[in-house]
2 protein chains.
Amino acid sequence: MTTSEKLLDAAELRMRRTGYNTVSFRDLAADINIKSASAHYHFPRKEDLGLDLVKRYHARFFTTLDAAAAGENTRRGKIECFRLAYRSALVDDRSMCLCGLLGSEIASLPDAVATEVKGFFKASIEWVASILADGTPQMRHNNEAAGFVATMQGALMLAICMEDAALFDAMTERALDLIAGD
Amino acid sequence: MTTSEKLLDAAELRMRRTGYNTVSFRDLAADINIKSASAHYHFPRKEDLGLDLVKRYHARFFTTLDAAAAGENTRRGKIECFRLAYRSALVDDRSMCLCGLLGSEIASLPDAVATEVKGFFKASIEWVASILADGTPQMRHNNEAAGFVATMQGALMLAICMEDAALFDAMTERALDLIAGD
DNA sequence: GTCTATAATTTGATAGAC
DNA sequence: GTCTATCAAATTATAGAC
């Protein structure tokens, strides 16, 4: 694994817990046993690191999601994959969605990073909407898809905040029924 | 208005946009034309300010909500008041819910502030559940209420992030139908 | 209550040696 | 690529005058 990847891993761990502004080059460098000046060699400005991190998160999220959804034949099965991606953030990583946290503090982000976060949500809504429409996007599906994404984000935040993982399932199962039928 | 109240107002404006950690005593003091040392006279530590701010937000949120819901006779009408409280944060204040933002970055908050944020969500869930149960709380109502709160929080975050206020209505109207019946 | 002044720490970032 | 050394700025917080 390259030093850049190690830095991105360290940044993801920290930013998914405490956000963009609380994470310093010194902390990240210490995490992987280098000095902060070395970290700046790989990412000259913090904005460069933030941008690469959100791009990597975005790409990995949908690659993993598409692979899982490819094994499902029903709309409900595919959308359940989307829900499980958020559940995995909670259960496996005990962390927020990177874009859910950065999205909350979007007014404090560099413009380029903020734009990338918006891109993640746009892609998320379109992904869910495309499942609903079976390949033919429609405005109504977009609204339903956005509501589903919002519920996943809010449920993840609340479950982490309340330290109650079971609450995530309780909060999201009806949303799945609503969007995919009982 | 007292200086403490002015400081809390300034802190609320800033923290509902960028979170807890980006807000400094110097910024708040400058907002109300005093010096940061004077701000420390009113709130010795930042944690004191954060704690008072969340407590004030909590109290005001439910006072306003109760007043609005008292004018409604139906369950749906009362829960619609809850939705409108979030809509007002978006449309009137163009800001996140204070606790939605602080909840996202809860791992970076002083313990006392984090506890107070959790208290806001506990009270929110109980408020919605009590409407569902007409005064007789039940576990099933608690899960439905939590899901509704999650959707409001996620929808507010997404609408602000995507700079699309209309999206909030589109995302939340079905959640209201789901919980209160069509 | 507010001020000036300042301490102690942390931060993003750079210069230059190896 | 990584290091030491350093900078300029910002941060939380305190001491003491008025």
Side-chain angles (χ1 to χ4, degrees), chain A residues 1-56 98 101-102 105-114 116-117, chain B residues 1-54 56 101-102 105-114 116-117:
Chain A
M1 187 162 47
T2 67
T3 303
S4 290
E5 287 170 334
K6 287 181 194 169
L7 281 170
L8 288 173
D9 286 349
E12 183 172 335
L13 270 176
R14 287 184 179 272
M15 287 191 185
R16 284 176 63 185
R17 287 183 53 79
T18 65
Y20 182 85
N21 296 288
T22 54
V23 174
S24 74
F25 274 81
R26 274 177 176 74
D27 289 337
L28 299 180
D31 286 346
I32 65 168
N33 292 308
I34 63 173
K35 298 297 175 182
S36 69
S38 307
H40 276 285
Y41 169 80
H42 298 279
F43 300 100
R45 293 165 304 159
K46 190 176 181 181
E47 177 178 341
D48 300 318
L49 187 153
L51 203 55
D52 278 15
L53 180 59
V54 177
K55 282 180 180 170
R56 188 183 77 156
L98 176 67
L101 213 167
L102 298 193
E105 47 188 25
I106 196 149
S108 74
L109 301 180
D111 284 346
V113 180
E116 208 62 34
V117 171
Chain B
M1 188 162 46
T2 68
T3 302
S4 290
E5 287 171 332
K6 287 182 194 169
L7 281 170
L8 289 174
D9 286 348
E12 183 171 336
L13 270 177
R14 288 185 178 271
M15 289 191 185
R16 284 176 64 185
R17 288 182 53 80
T18 65
Y20 182 85
N21 296 288
T22 55
V23 174
S24 75
F25 273 79
R26 271 180 176 72
D27 289 337
L28 299 181
D31 286 344
I32 66 167
N33 292 309
I34 62 173
K35 298 295 175 181
S36 68
S38 306
H40 277 285
Y41 169 81
H42 298 279
F43 300 100
R45 294 164 304 159
K46 191 175 179 180
E47 177 179 340
D48 300 318
L49 187 153
L51 202 56
D52 277 15
L53 180 59
V54 178
R56 188 184 77 157
L101 213 167
L102 299 193
E105 50 189 23
I106 195 149
S108 74
L109 301 180
D111 284 347
V113 181
E116 208 63 33
V117 171

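Quick caveat: nothing in here was measured; it's all calculated off a predicted structure. Each chain gets a letter, A, B and so on, in the order the sequences are listed, and its residues count up from 1.
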(message) Donor-acceptor pair, distance only, cut-off 3.5 Å: does the side chain of A:Lys6 make one with the backbone of A:Asp31?
(response) no
(message) Any non-hydrogen side-chain atom of B:Thr18 less than 4.5 Å from a side-chain atom of A:Glu105?
(response) no
(message) Any side-chain to backbone donor/acceptor pair from A:Ser38 onto A:Ile34? Under 3.5 Å, distance only.
(response) no
(message) Please identify the 5'-most and 3'-most nucleotides of DNA chain C with any atom under 4.0 angstrom from a heavy atom of chain B.
(response) C:dG1 to C:dT6
(request) With side chain to side chain contact (heavy atoms under 4.5 Å, CB included) as the test, would you mind laying out the steps for A:Leu101 and A:Met15 before giving the verdict? (result) CA-CA 8 Å; A:Leu101 213 167; A:Met15 287 191 185; over 6 Å; no
(request) Indicate yes or no for a side-chain donor-acceptor contact from A:Asp48 to the backbone of A:Arg45 under 3.5 Å, with no hydrogens or angles considered. (result) yes
(message) Counting C-beta onward and ignoring hydrogens, is there a side-chain heavy-atom pair between A:Asp9 and A:Arg56 closer than 4.5 Å?
(response) yes
(message) Less than 4.5 Å apart, side chain to side chain, heavy atoms only: is that true for B:Val113 and B:Glu47?
(response) yes
(message) Just so I know, are the side chains of A:Phe43 and A:Leu51 near enough to count as touching, which here means a heavy-atom distance under 4.5 Å?
(response) no
(message) What residues from residues 25-32 of chain B pass a heavy-atom cutoff of under 4.0 Å to DNA chain D?
(response) B:Phe25, B:Arg26
(request) Indicate whether any N or O donor in one side chain lies under 3.5 Å from an N or O acceptor in the other, for A:Asn21 and B:Thr22. (result) no
(request) With a 4.0 Å heavy-atom cut-off, tell me which residues in residues 3-13 of chain B come close to DNA chain C, sorted by residue number. (result) B:Thr3
(request) Answer yes or no for B:Lys46 and B:Tyr20: cation-pi contact, defined as NZ/CZ to six-membered ring centre under 6.0 Å and angle to ring axis within 45°. (result) yes
(message) Quick check on DNA chain D: between A:Tyr41 and A:Ser36, whose nearest nucleotide comes earlier from the 5' end?
(response) A:Tyr41
(message) By nearest heavy atom, map A:Thr22 and A:Ala37 onto DNA chain C; which one lands nearer the 5' end?
(response) A:Thr22
